[in-house]
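See below for the structure under consideration.
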Amino acid sequence: MNTKQLEQAADTERLFFALWPRSELRGRLAAWARQVAGRGRAMRRENLHLTLAFLGDTDAARLPEIKSLAAEVRFDPIRLPLDRAGYWKHNRIIWCGASAEPQALTALVADLRARLTTAGVRYDPKPFVSHVTLVRNAARLPEAPAWIPLVWEAGDFALVGSARIQGRVTYAVMQRFPAAAG
Ligand code: 2AM
């Protein structure tokens, strides 16, 4: 489904902002997810991302405003080490993330969320904990194979729409917002 079809599909859109990996990183994350999935559900390659702010169902009429407030966010390119994998019992996911969150990422999330708040756009207010979900419905993090650290160089963030198409959660990047030129 392309962005246009998604935008025309309904009065509300299920939206979130995310870092959206480029192809090589995506492939490596997906391969590792498959190896450790066990009876869990490895995220499909094209769905891997790191959520910055989850808006959920949002009035589609607000899309232009949401895009323009995101375009106002100034941030530096992000160098995010993905140097640890973990398991959360409460939502049964296997994830990977950084043992120390880079300042550029913390600042980006704070600025973006502050602009959403000011505009009265609702989002899930849970504190940001950077992670990429790799496997859902997992029972545990298997002991092997070991996680191989990766580095994610993110030069932009994205507004993403989510829809369930033929029973499958499908994401469409609606717009990318670039970092300030280095
Ligand atoms: P998760 O991977 O940790 O489940 C799309 O659903 C993305 O938004 C997922 O990455 C999901 O995180 C994240 N998200 C954050 N808050 C959410 C919420 N309240 N409901 C659904 N997804 C949420």
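In each ligand, atom 1 is the first atom listed, and ligand 1 is the first ligand listed.
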Any side-chain donor near an acceptor of the partner, Y123 and T117, under 3.5 Å: yes
Closest to atom 13 (C) of ligand 1 among T51, L15, T133 (heavy-atom distance): T51
Minimum-distance protein heavy atom relative to atom 15 (C) of ligand 1: F54 CB, 3.4 Å
Identity and separation of the nearest protein heavy atom to atom 4 (O) of ligand 1: R136 NH1, 3.0 Å
Close-contact set for ligand 1 against H49 heavy atoms, below 4.0 Å: 7 (C), 9 (C), 10 (O)
Numbered atoms of ligand 1 (with element) below 4.0 Å of D124, judged on heavy atoms: 16 (N), 17 (C), 18 (C), 19 (N)
Steps toward side chain to side chain donor-acceptor pair (under 3.5 Å) verdict (S99, D83): CA-CA 6 Å; S99 48; D83 57 1; 2.7 Å; yes
Donor-acceptor contact below 3.5 Å, side chain R136 vs main chain R41: no
D156/R22 salt bridge by N-O under 4.0 Å criterion: yes
N or O pair under 3.5 Å between H131 and ligand 1: yes
Residues, nucleotides or ligands: over 12 heavy atoms within 6.0 Å of R176 CZ: yes
Ligand 1 contact on Y171 by region, counting heavy-atom pairs under 4.0 Å: side chain
Contact summary for Y87 and A138, nearest pair of heavy atoms: OH-O, 2.6 Å
